[in-house]
2 protein chains.
Amino acid sequence: MDAYGDPGLGLLGDPTRRAIFELLARQPCSVGELATRLPISRPAVSQHLRVLKDGGLVVSRAEGTRRVHQLNPDGVTALRAYLDRVWEDALTAFQKAADNAGSEQEKQ
Amino acid sequence: MDAYGDPGLGLLGDPTRRAIFELLARQPCSVGELATRLPISRPAVSQHLRVLKDGGLVVSRAEGTRRVHQLNPDGVTALRAYLDRVWEDALTAFQKAADNAGSEQEKQ
DNA sequence: CGACTCCGTAAGTCTAAGCTTACCGTTCGT
DNA sequence: ACGAACGGTAAGCTTAGACTTACGGAGTCG
């Protein structure tokens, strides 16, 4: 399975992780600041960020003792590309189904 | 959280469910046929389809005793729209960051 | 009607993973 | 150098949910 490869879609399955993803879309953020905006502890945020980073959706830079995290443009692009591939396949499938329906009708 | 609303992204967190999603993109399919193509039992497929249907990603029609399932165009469109919104926010955030960096440099 | 096929649901099990507390390393200010 | 702030990691608990087996309902053909 996973004929299209997984561009990180699975990482956004968890609502909390998706919330972090969305917060980082609005503005780059430190771990502690994310923790204050979310109903989870700081280590939990840190763990989510690690997953997002491993998945290529987030990049981070050191800034003093803080670590500023932000979305990885390439990651979001990969997500969109995945959906576009699926979408294209679905479109051709729809087209094929419509053609078959047409020829079936012509038979009668 | 979920400031953007959830267009069904959470549903694709599970790899197996994502595999079903991708198979349905290539061609409409019955429950039993999906089960043969996947390493899980037929009831498991049925349960995944129920979730996908409730989430608006899949629609199904009866065809004899079979139930043919296929992707819901509106659902995929909603997914793309979600990513586009996030993407747009991220772009403006990038732009703002670049502007700040520029003004910071001018100060020195 | 009766047998067969296809499918959805219920109940129960079990594993993945998300969260917390506790601890330690790193960086900066004084 | 010492203390404080910020953050990553380990260990452990606990729950969500993915899966299976068993069963019942709906449609189809003889």
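So you know, we letter chains A, B, ... as the sequences are listed, proteins then strands, and number each from 1.
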S.K.: Membership question, hydrophobic clusters at under 4.5 Å side-chain separation (ILVMFWY): are Leu23(B) and Val59(B) in the same one?
M.R.: no

S.K.: Measure from the side-chain heavy atoms of Arg42(A) and tell me the nearest of dT20(D), dC23(C), dC19(D).
M.R.: dC23(C)

S.K.: Both Thr65(A) and Val51(A) contact DNA chain C. Which one's nearest nucleotide lies toward the 5' end?
M.R.: Val51(A)

S.K.: Taking CZ from Arg67(B) and P from dA26(D), how many angstroms apart are they, rounded to a whole number?
M.R.: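 Between P of dA26(D) and CZ of Arg67(B): 10 Å.
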
S.K.: Please determine which of Leu24(B), Val51(B), Asn72(B) meets the side chain to side chain contact (heavy atoms under 4.5 Å, CB included) test together with Val58(B).
M.R.: Leu24(B)

S.K.: Closest to the Pro43(A) side chain: dA22(D), dT9(D), dC19(C)?
M.R.: dT9(D)

S.K.: If you check the His48(B) side chain, which of dG8(D), dA10(D), dA18(D) turns out closest?
M.R.: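 Looking only at heavy atoms from C-beta outward on His48(B), the closest nucleotide is dA18(D).
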
S.K.: Consider the side chain of Arg17(A), meaning its heavy atoms from C-beta on, and name the nucleotide among dG18(C), dA22(C), dC6(C) that approaches it most closely.
M.R.: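 My answer, after comparing the listed nucleotides, is dG18(C).
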
S.K.: Just do the side chain to side chain contact (heavy atoms under 4.5 Å, CB included) check on Leu52(A) and His69(A) with the steps written out, would you?
M.R.: CA-CA 10 Å; Leu52(A) 290 171; His69(A) 301 264; over 6 Å; no

S.K.: Check the phosphate of dT20(C) against Ser41(A), side-chain N and O only, distance under 4.0 Å to OP1 or OP2. Yes or no?
M.R.: yes

S.K.: Which whole-number value in Å describes the distance from Leu34(B) CG to dA18(D) C1'?
M.R.: 17 Å

S.K.: Find which nucleotide of DNA chain C each of Val68(B) and Gly64(A) is nearest to by heavy atoms, and output the residue with the more 5' nucleotide.
M.R.: Val68(B)

S.K.: Would you say a side-chain N or O of His69(B) is under 4.0 Å from OP1 or OP2 of dG8(C)?
M.R.: yes

S.K.: Does OP1 or OP2 of dC19(D) have a side-chain N or O of Thr16(B) closer than 4.0 Å?
M.R.: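 Answer is yes, contact under 4.0 Å.
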
S.K.: Ignoring hydrogens and angles, answer whether the base of dT27(C) and the side-chain atoms of Glu63(A) contain a donor-acceptor pair closer than 3.5 Å.
M.R.: no

S.K.: Give a yes/no on whether any side-chain N or O of Arg50(B) is located under 4.0 angstrom from OP1 or OP2 of dT9(C).
M.R.: yes

S.K.: From the options Ser60(A), Ser30(A), Cys29(A), select the one residue that forms a side chain to side chain contact (heavy atoms under 4.5 Å, CB included) with Arg66(A).
M.R.: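 Running side chain to side chain contact (heavy atoms under 4.5 Å, CB included) over Ser60(A), Ser30(A), Cys29(A) with Arg66(A) returns exactly one hit, Ser30(A).
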
